[in-house]
Structures are given as structure tokens and as C-alpha cells.
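Residues take their numbers from the sequence shown, with the count starting at 1.
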Amino acid sequence: MTDFEGTSIIEVRQQINIDNLQAYLQNHVENGVQRFGGGRLALKQFNNGASNPTYFFETPNGEKFVVRKKPPGELLPGAHQVDREYRVQKALANTGVPVAEVLALCQDPKVIGQDFYVMKYVPGRIFHDMKDHGARLPSLNAEERSALYKDVNRVLAALHSVDYKAVGLEGFGKVGNFASRQVSTWTRNWKAQDAVVVKAAKEEGYTWVPQKMDSLMSKLDKNREQIVEPTTIVHGDFRLGNLIIDPVLPKVSAVLDWELCTLGHPLSDLAWLCKPWNYTSDGVHYEDGSLPEGIPTLEEFVQLYNVNRGPTWQMNQRDWRFFLALDCYRSCAINHGVYARSVMGTSASDALRHLGGMMDGIVDLGLKFANKMEEVPAGSKL
């Protein structure tokens with residue numbers, strides 16, 4: 001059963017108590033008996049949502065919904081916070097940021113075994129930007145590509161323009177020093193497992209030079225305190241693959257996967273979104289360096305973001321280079337961790353073990369951005 005282009009709905013792999021779920025919704029959602037009664041709910045599971053199991057169900061009267069729950073078993077403190085996903089989507093309703101309508105949050109594990117929330121199902125397409133050069137949007141024509149990238153840009157700018165205090169998200173994250181905290185976090189993470197990675201990379205023929213990662217860290221560390229933070233809501237994983245695109249029109253219908261959302265610096269989201277322009281692996285450019293017709297250049301995309309943010313927003317060129325470098329540092333640290341877990345046998349599979357071969361190139365790119373940052377005079381606007 002395929003309800004999205006780019007993903008599928010399958011038979012349930014991780015069972016939940018559908019009767020308990022139905023009873024909970026009847027008792028805790030407005031008009032719950034009428035909306036969720038009259039017969040048993042038809043439950044399926046999305047063939048994605050590996051972090052938080054995600055289910056699809058349809059009511060007897062034809063309404064469609066999605067359940068996001070924590071995975072089963074013992075979990076690390078602070079992990080899989082579906083309550084934060086629920087809270088931010090509820091806060092963003094009617095702000096101009098397209099999100100699914102959320103109906104209920106349940107933190108009673110007796111219902112289906114773990115915390116969960118329910119939201120309206122949003123039909124549409126999902127384009128996977130992280131494999132097979134999906135960011136090129138090969139199924140769309142030039143006009144559609146142009147329109148879609150413009151709308152993706154608009155949505156990100158709209159998110160960053162929301163007054164987090166006005167929508168009730170004060171306290172949703174720490175305010176200030178986001179860049180500094182990011183450098184510290186990712187440094188701690190990759191250094192904790194580096195002995196494993198150094199040994200495995202040498203045995204498996206991958207290039208990994210931790211001294212280069214240290215050099216990138218030093219450049220970021222030297223400049224992080226100079227970052228002036230205009231604190232906003234940041235998504236944490238804002239990219240094409242986490243957006244539901246209208247079934248027909250080239251526009252965003254909903255932003256998904258808010259698990260990493262917090263308060264921070266908006267350029268972290270923009271740098272993450274701009275990966276397809278900066279990475280050669282599964283990037284948006286063709287081998288000759290050209291772009292598919294309709295897709296803007298990186299410079300055009302960044303300038304459009306500046307326009308969409310409005311006249312009160314000004315992008316510091318040095319800050320932008322910093323966040324491009326930090327994005328590489330974060331990406332390399334993530335790949336480093338995935339590779340380490342694969343080597344140690346603690347990952348779910350070896351499917352991503354090849355990421356060990358990508359780390360060195362990402363560090364080199366990060367150093368390139370960091371060196372350009374240091375060449376920019378302080379206060380230069382983009």
C-alpha cells in the first residue's frame with residue numbers, strides 16, 4: 001500500500017494494542033466517540049520512522065491519522081521525546097509553518113506500552129534527498145523544481161521568523177551560546193569513540209586522520225564565542241526528505257520529524273538544508289558542475305532566504321561560513337558514531353558501515369569553509 005510517493009505503508013511489524021488506543025482516543029479527543037467509534041480501527045505501519053515507530057490508521061468513517069510512539073524497551077534519559085514533537089507542532093499551528101494537526105499526547109505507558117501522540121494524516125509526496133541524488137528532483141520539470149525549492153526556502157524562513165515566546169515555547173531550549181554548545185557536544189561524542197574508529201578505518205582501508213578533525217575543532221573553538229545568536233526555533237533536521245509535498249502542486253504541505261527541534265541559531269538549519277549543494281556524494285550538481293534546470297545556485301538560495309526573513313534580518317558572512325564548517329563537523333561526528341557502532345556490533349545493521357569512507361572528505365570540506373571564514377572581515381554582511 002503506497003500513500004506517499006517515496007515511502008510506503010506496510011503490515012504492522014511492532015504490534016501495539018489497537019483496542020487500548022481506540023478507547024483512549026474516544027475518551028480524550030473532542031467528539032472522540034463519534035470520530036473513533038463504530039468499529040475497529042484499521043492499523044498499518046510506515047516503513048520508516050526508525051527512531052520512533054510510526055503507524056497509520058483509518059477510522060470506520062474514513063478519517064486517517066498517524067501515531068508516533070517511543071520505541072519499546074529501556075531508553076536513555078532524554079531520548080525519543082515524542083512529547084517535544086507534539087508540543088512544537090501544537091505551538092506552530094496557525095503560524096504559517098505547515099504542520100500536521102496534533103490531536104492528543106499520551107504519557108501513560110499502560111495504553112500502548114510507551115508515550116505516543118496522534119496527528120492528522122497529511123497526504124502527499126516525500127522526496128528522499130540523501131540517496132540517489134534525490135535533491136535533483138528528477139521526476140519534476142524545471143518549473144516545478146524552481147517552485148518547490150522556493151517554497152521549501154519560504155517555510156524554513158517562516159519557521160525562523162516565529163516568535164517562540166509568543167507561541168508558548170519559552171523554555172523549550174537553552175537561549176544563547178548554541179554554537180558553543182554544539183562544538184562541545186560533537187567534540188565529546190567523536191572523541192569518546194575515536195580509538196575504535198582509528199583502528200577499524202586502518203584495517204578496512206578508509207582514510208581517517210583525527211588530527212584534521214582536531215584542526216577543524218580548533219578553528220570552530222576559536223571563533224564560536226564571536227557568534228551573535230538571534231535565538232529562534234530550529235528544526236534540527238530540516239531537509240527535503242522530512243517534508244510532505246502536496247500530491248500535485250510543488251509546495252510543502254507539512255514539516256515532519258521534529259524530534260531534534262530546540263531553540264538555537266537559525267543558520268544551523270540553513271546550513272543543514274544546503275548540504276546537497278556542498279556535498280558531491282548524492283549532491284544536487286551533475287558531474288560537470290551544472291545544476292538541473294530550475295534548481296537555484298547555493299548563492300541564489302541563501303539570498304532568497306535572506307529576502308524571506310524580511311528587512312529586520314541580516315546575515316553575517318563570517319557567521320554563515322562558521323555554520324557551514326560546523327555543519328561539516330556535526331555531519332562527520334554523526335558518521336563517525338554510526339561507523340563506530342557498526343564496528344562494535346551495537347548498531348541495528350551494517351547497512352551504513354560505508355559512512356566510514358565519507359568522513360575524511362567531510363572534514364576537508366569543513367576545513368575549507370573554516371579557512372574561508374577566517375578570511376572574511378568581522379561584521380561583513382552577506
Determine whether more than 12 heavy atoms belonging to other residues, nucleotides or ligands lie under 6.0 Å from atom CD of Glu170. no
Would the number of heavy atoms belonging to other residues, nucleotides or ligands and lying under 6.0 Å from CD of Glu204 be above 12? yes
Out of Gln114, Gln81, Glu85, Lys70, which residue meets the side-chain hydrogen bond (donor to acceptor under 3.5 Å, both in side chains) rule with Asn52? Glu85
To the nearest 0.5 Å, what is the distance between [atom1] ([X]) and [atom2] ([Y])?
X	Y	atom1	atom2	value
Glu229	Ser180	CD	OG	10.5 Å
Leu137	Arg125	CG	CZ	9.5 Å
Asp129	Asp282	CG	CG	9.5 Å
Leu326	Asp319	CG	CG	11.5 Å
Asn20	Ile18	CG	CD1	9.5 Å
Met359	Asp364	CE	CG	12.0 Å

Is a donor on one side and an acceptor on the other found under 3.5 Å between the side chain of [X] and the backbone of [Y]?
X	Y	value
Asn31	Gln34	no
Gln303	Glu300	no
Gln26	Gly32	no
Asn153	Tyr149	no
Thr185	Arg181	yes
His336	Cys332	no
Glu144	Leu140	no
Ser331	Asp327	yes
Arg84	Cys261	yes
Asp221	Met217	no

Do [Y] and [X] meet the salt-bridge criterion of a basic N to acidic O distance under 4.0 Å?
X	Y	answer
Arg68	Asp257	yes
Lys110	Asp108	yes
Arg145	Glu293	no
Lys212	Asp360	yes
Asp237	Arg239	yes
Glu374	Arg318	no
Arg35	Glu63	yes

Is there a side-chain contact between [X] and [Y] (heavy atoms, below 4.5 Å)?
X	Y	result
Glu58	Leu41	no
Glu287	Thr280	no
His235	Thr262	no
Thr95	Val167	yes
Val343	Val197	no

Say whether [X] and [Y], considering side chains only, have a donor N or O and an acceptor N or O under 3.5 Å apart.
X	Y	answer
Trp208	Tyr339	no
Trp258	Asn242	no
Tyr329	Gln182	no
Thr54	Lys69	no

Can you classify the ring geometry of Phe323 versus Phe178 as parallel (below 30°), tilted (30 to 60°) or perpendicular (above 60°)? parallel
Least distance between heavy atoms, [X] atom then [Y] atom:
X	Y	result
Ala157	Tyr305	CA-CE1, 3.9 Å
Ala340	Val196	O-CG1, 4.3 Å
Ser253	Val122	CB-CG1, 3.9 Å
Val99	Ala93	CG2-N, 4.2 Å
Pro296	Trp277	O-NE1, 2.8 Å
Tyr279	Cys328	OH-CA, 4.1 Å

So which of His285, Arg136, His133 actually passes side-chain contact (heavy atoms from CB on, under 4.5 Å) with Pro292? Arg136
Is the gap between the ring centers of [X] and [Y] under 6.0 Å?
X	Y	value
Phe65	Phe36	yes
His160	Trp313	no
Phe238	Trp272	no
Phe57	Tyr121	no

Transitive ILVMFWY side-chain link [X] to [Y], under 4.5 Å:
X	Y	answer
Val198	Met344	yes
Tyr117	Leu103	no
Phe301	Val255	yes
Ile295	Val302	yes
Val363	Val209	no

Can you list everything that forms a side chain to side chain contact (heavy atoms under 4.5 Å, CB included) with Lys199? Sequence neighbours excluded, please. Glu203
Compute both the distance and the angle, then confirm whether Arg87 meets the cation-pi test with Phe172: under 6.0 Å from the six-membered ring centre, within 45 degrees of the axis. no
Partner set under salt bridge (Lys or Arg N to Asp or Glu O under 4.0 Å) for Asp151, not counting sequence neighbours: Arg154
Steps toward side-chain hydrogen bond (donor to acceptor under 3.5 Å, both in side chains) verdict (Gln314, Asn306): CA-CA 7 Å; Gln314 282 192 315; Asn306 289 334; over 6 Å; no
Taking it one step at a time, do Lys150 and Asn308 satisfy side-chain hydrogen bond (donor to acceptor under 3.5 Å, both in side chains)? CA-CA 10 Å; Lys150 286 178 181 176; Asn308 283 330; over 6 Å; no
